[in-house]
Amino acid sequence: MLASIRTLICVPARSAALRLAILCLTPAALLTSSCHSQSTDTAAASTGDPSIFADWDQQHPGAHHKITSADLPAPAPDEAVNNTPHLIPRPADAWPQAPAGYKVTLYAGGDAAPMQRADNTERMRLSGGTFTEPRLIRTAPNGDIFVADSGAGSILVLRGIGKDGKAAQIEKFATGLDHPFGIAFYPADNPKYVYVGNATTVQRLPYHAGDLHAAGAPETIVPDVPGYAQLTGGGHWTRDVVFTKDGKYMLVSVGSASNIDDPDTHPREFHRADVLEYTPEGKFVEVYASGIRNCVGEAINPITGMLWCSTNERDNLGNHLVPDYVTSVKEGGFYGWPWYYIGAHKEPRLPQPCANGTAANLQAAALTSDQAQSCQRVDLSSKVITPDVLVQPHMASLQMMFYPNTGKFPKAFDGDIFAAEHGSWNRARRAGYEVIHIPMRDGHAADGSYEDFLTGFVTSDGQVWGRPVGVTVGSDGSLYVSDDGTRSIWRVEYTGK
């Protein structure tokens with residue numbers, strides 16, 4: 001039944017009104033969409049049609065979007081713009097907006113000045129509030145919510161819900177870390193460690209269920225993760241960490257050091273724009289997948305066991321290039337960066353890759369300068385895997401997660417994806433600043449579409465006050481969302497009302 005409903009929802013209608021009527025006839029729509037509001041469906045747009053790309057003022061809970069590889073326009077580098085928002089304090093009448101039937105409350109933080117992009121430096125000034133830079137969040141097996149406060153160098157633990165609806169207890173689990181981001185509990189069912197992905201290392205701390213403070217000092221198990229870069233704020237320093245479903249391997253995401261530097265001629269890109277595979281003890285195994293410019297958020301699909309990535313693609317090819325994406329990741333897969341994007345689309349600013357480089361062989365060593373200068377350049381576009389779900393260009397897709405079948409949201413959400421979209425800077429009309437929902441079917445993307453789920457972080461006149469980063473589901477079944485703009489954690493509860 002759910003599959004047929006989703007098929008119906010994704011049929012392109014000739015008008016928004018007709019499509020909205022179809023949506024509101026389905027029981028699932030009453031639970032997941034605000035049927036009184038206008039819906040935006042991008043599936044029927046023609047190739048290169050800019051109307052396929054939704055801006056912030058076309059994003060609202062329940063709005064439906066679908067972008068395909070065939071819809072991409074020609075590169076337009078002259079459109080490149082720095083439209084970084086200056087965040088304003090949250091206005092008194094501003095609040096995150098969820099579909100009908102959901103209630104949004106402030107769970108923690110929100111007690112410091114907004115964080116600006118320029119604040120995101122290698123050594124950040126503490127905010128003076130609960131959080132300095134709350135980023136990735138993950139739920140421990142016992143229900144505690146762990147928060148990576150990257151700018152403060154800390155991992156915090158949030159426990160319970162007080163009478164005021166906020167976290168009943170907030171403790172510092174670990175401090176003195178180097179831009180912590182990824183958090184993983186290992187082994188999954190009865191963890192003995194909390195693994196932390198820092199900017200240049202992977203460390204683990206002793207842990208038993210219910211611990212509010214680490215029982216010992218961090219142990220560095222991977223000392224040499226490529227880190228920092230010339231990009232704003234240190235450039236792609238986030239390192240997520242997950243374990244394969246069987247627990248045998250650790251997968252670490254490493255973003256590129258640049259926008260489109262050719263790894264064949266730029267050794268600093270070696271083992272970057274990759275997912276790297278290690279043993280739980282930190283021994284390097286292989287490059288698991290490559291050509292993924294910045295896999296900020298990782299998650300293991302609970303049905304298929306496959307790795308998925310939420311990815312930031314490149315900038316400066318125009319307002320509507322290149323889409324960010326959320327995708328399954330095949331072991332040994334090549335996803336194109338920097339030579340190609342979204343399948344076989346050629347990057348116009350670069351030559352073809354070297355035949356003896358890492359595009360042709362993920363496990364190849366970095367080329368020497370002489371090898372790179374004299375290499376044979378070959379077309380490897382046929383190797384590039386097209387991502388499963390394309391989202392708006394430049395909207396900075398960050399953490400993602402699969403909604404568990406033990407949650408309290410309607411059962412239609414079981415196994416579906418939620419992803420945080422931090423918001424664009426390289427686009428004239430901004431996009432993102434929201435949490436999206438991706439329908440899944442039997443562990444696979446239902447049809448490559450997504451819908452806006454949690455919006456409202458931009459005022460009606462286009463000013464930005466919040467920027468979602470992380471998503472997790474608590475033991476109460478609610479969705480928790482970290483927001484480093486307001487330096488807070490939001491709770492989205494299903495009430496059915």
message: Can a donor-acceptor pair be found, under 3.5 Å and without considering hydrogens, that links the side chain of S482 to the backbone of G470?
response: yes

task: Step by step, work out the side-chain hydrogen bond (donor to acceptor under 3.5 Å, both in side chains) result for E269 and S258.
output: CA-CA 8 Å; E269 292 290 1; S258 65; 2.5 Å; yes

Non-hydrogen atoms of P85 and S424 that approach each other most closely: CD-O, 3.9 Å

- request: Sort and list the pairs that fulfil ring pair (Phe, Tyr, Trp, His ring centres under 6.0 Å) and have at least one residue in residues 152-172, not counting sequence neighbours.
  value: none

query: Of the options F453, Y480, W308, which is the one that meets F418 in a ring pair (Phe, Tyr, Trp, His ring centres under 6.0 Å)?
result: F453

- prompt: Between the main-chain N or O of P134 and the side-chain N or O of R487, is there a donor-acceptor pair closer than 3.5 Å?
  reply: no

message: Testing the basics here: between I183 and A148, what is the closest heavy-atom pair and its distance to 0.1 Å?
response: CD1-N, 3.8 Å

query: Going by heavy atoms in the side chains, are S256 and N294 under 4.5 Å from each other?
result: no

message: Could you work out, with side-chain contact (heavy atoms from CB on, under 4.5 Å) as the rule, every residue matching Y207, not counting sequence neighbours?
response: A140, N142, F146, F173, F185, P191, V194, D211

Which donor-acceptor pairs under 3.5 Å do side chains of residues 91-98 form with protein atoms, sequence neighbours excluded?
unit_1: W95; atom_1: NE1; unit_2: V104; atom_2: O; d: 2.8
unit_1: Q97; atom_1: NE2; unit_2: W95; atom_2: O; d: 2.9

Donor-acceptor contacts under 3.5 Å from residues 240-248 side chains, at least two apart:
unit_1: D240; atom_1: OD1; unit_2: R138; atom_2: NH1; d: 2.9
unit_1: D240; atom_1: OD1; unit_2: R138; atom_2: NH2; d: 3.3
unit_1: D240; atom_1: OD2; unit_2: R138; atom_2: NH2; d: 2.9
unit_1: D240; atom_1: OD2; unit_2: E298; atom_2: N; d: 2.7
unit_1: T244; atom_1: OG1; unit_2: D246; atom_2: OD1; d: 2.7
unit_1: T244; atom_1: OG1; unit_2: K248; atom_2: N; d: 3.4
unit_1: T244; atom_1: OG1; unit_2: Y249; atom_2: N; d: 3.2
unit_1: T244; atom_1: OG1; unit_2: Y249; atom_2: O; d: 3.4
unit_1: K245; atom_1: NZ; unit_2: P302; atom_2: O; d: 2.7
unit_1: D246; atom_1: OD1; unit_2: K248; atom_2: N; d: 3.0

task: Indicate yes or no for a side-chain donor-acceptor contact from T121 to the backbone of R123 under 3.5 Å, with no hydrogens or angles considered.
output: yes

- line: What one should report as the nearest heavy-atom pair of W337 and A273 is CE3-CB, 3.4 Å

message: The test is side-chain hydrogen bond (donor to acceptor under 3.5 Å, both in side chains); show your working for D484 and H422 and say whether it passes.
response: CA-CA 9 Å; D484 68 3; H422 200 221; 2.9 Å; yes

message: Please report the interatomic distance OG1(T472) to CD1(I145), rounded to the nearest 0.5 Å.
response: 6.5 Å

task: Using a strict cut-off of less than 4.0 Å between a Lys/Arg side-chain nitrogen and an Asp/Glu carboxylate oxygen, indicate whether E313 and R293 qualify as a salt bridge.
output: no

- request: For the pair R204 and E219, evaluate salt bridge (Lys or Arg N to Asp or Glu O under 4.0 Å) and give the outcome as yes or no after the intermediate values.
  value: CA-CA 5 Å; R204 65 183 183 186; E219 174 190 2; 2.9 Å; yes

Donor-acceptor pair, side chain of N301 and main chain of I303, under 3.5 angstrom: yes

- request: Determine whether H271 and F284 make a side-chain contact, defined as any pair of heavy atoms from C-beta on separated by less than 4.5 Å.
  value: yes

field: Side-chain donor/acceptor of E434 to backbone N/O of F457, under 3.5 Å
entry: no

N-O pairing of R159 and D144 below 4.0 Å: yes

- line: Taking every heavy atom of A108 against every heavy atom of I170, the minimum-distance pair comes out as CB-CD1, 4.1 Å

message: What's the separation between atom CG in L156 and atom CG in L212, rounded to the nearest 0.5 Å?
response: 11.0 Å

- prompt: Backbone N or O of G255 within a donor-acceptor pair of the R272 side chain at under 3.5 Å?
  reply: yes

Donor-acceptor contact below 3.5 Å, side chain T327 vs main chain D388: yes

query: Can you tell me if D274 uses its side chain to pair, donor with acceptor, with the backbone of I292 under 3.5 Å?
result: no

task: To the nearest 0.5 Å, tell me how far I436 CD1 sits from T455 OG1.
output: 12.5 Å

Interatomic spacing from CG in L398 to OG1 in T238 - rounded to 0.5 Å: 7.5 Å

message: Run D452 and H65 through side-chain hydrogen bond (donor to acceptor under 3.5 Å, both in side chains) and show every step you take.
response: CA-CA 8 Å; D452 305 321; H65 311 275; 2.9 Å; yes

- prompt: Given R427 and M395, is the side chain to side chain contact (heavy atoms under 4.5 Å, CB included) satisfied, shown in steps?
  reply: CA-CA 9 Å; R427 183 167 168 163; M395 76 176 186; 5.8 Å; no

field: Sidechain-backbone polar pair: H437 side chain, E451 backbone, donor-acceptor under 3.5 Å
entry: no

- prompt: Could you state the interatomic distance from CD1 (I489) to CG (L158), rounded to the nearest 0.5 Å?
  reply: 6.5 Å

- request: Among residues two or more places apart or on two chains, list those pairs meeting salt bridge (charged side-chain N to carboxylate O under 4.0 Å, His left out) that have a residue in residues 178-202.
  value: none

message: Quick one, F181 with R239, criterion side chain to side chain contact (heavy atoms under 4.5 Å, CB included). Give me CA distance, side-chain angles, the key distance, then yes/no.
response: CA-CA 6 Å; F181 186 79; R239 304 287 173 263; 5.5 Å; no

N/O donor to acceptor pairs below 3.5 angstrom from side-chain atoms of residues 401-409, sequence neighbours left out:
unit_1: Y403; atom_1: OH; unit_2: K408; atom_2: N; d: 2.9
unit_1: Y403; atom_1: OH; unit_2: F409; atom_2: N; d: 2.9
unit_1: Y403; atom_1: OH; unit_2: G477; atom_2: O; d: 2.8

message: Taking G432's backbone N and O only, do any of them form a donor-acceptor pair with Q59's side chain (distance below 3.5 Å, no angle check)?
response: yes

query: D416 and I438: side chain to side chain contact (heavy atoms under 4.5 Å, CB included), yes or no, with the steps?
result: CA-CA 6 Å; D416 286 359; I438 298 174; over 6 Å; no

- request: Take atom CG of D164 as the centre, draw a 6.0 Å sphere, and report whether it contains more than 12 heavy atoms from other residues, nucleotides or ligands.
  value: yes

- request: Measure the shortest side-chain to side-chain distance between Y335 and V329 over non-hydrogen atoms and say whether it is less than 4.5 angstrom.
  value: yes

- request: Of all the heavy-atom pairs spanning K330 and A289, show the shortest one and how long it is.
  value: O-CB, 3.8 Å

- prompt: Quick one: CG on L87 to CG on D119, what's the gap to the nearest 0.5 Å?
  reply: 9.5 Å

task: Would you indicate whether the side-chain heavy atoms of T304 and H444 approach each other to under 4.5 Å?
output: yes

V196 side chain reached by P218 side chain, heavy atoms, under 4.5 Å: no

message: Measuring only between side-chain heavy atoms, which start at C-beta, is E133 closer than 4.5 Å to D149?
response: yes

task: Check whether any side-chain heavy atom of I155 sits under 4.5 Å from a side-chain heavy atom of V147, and report yes or no.
output: no

Working for side chain to side chain contact (heavy atoms under 4.5 Å, CB included), residues Q392 and I67: CA-CA 8 Å; Q392 301 302 318; I67 303 172; 3.7 Å; yes

statement: Closest heavy-atom pair, T132 versus S127, reported as atoms and distance to 0.1 Å, is OG1-N, 3.1 Å

task: Report yes if the side chains of V285 and T279 come closer than 4.5 Å at any heavy-atom pair, otherwise no.
output: yes

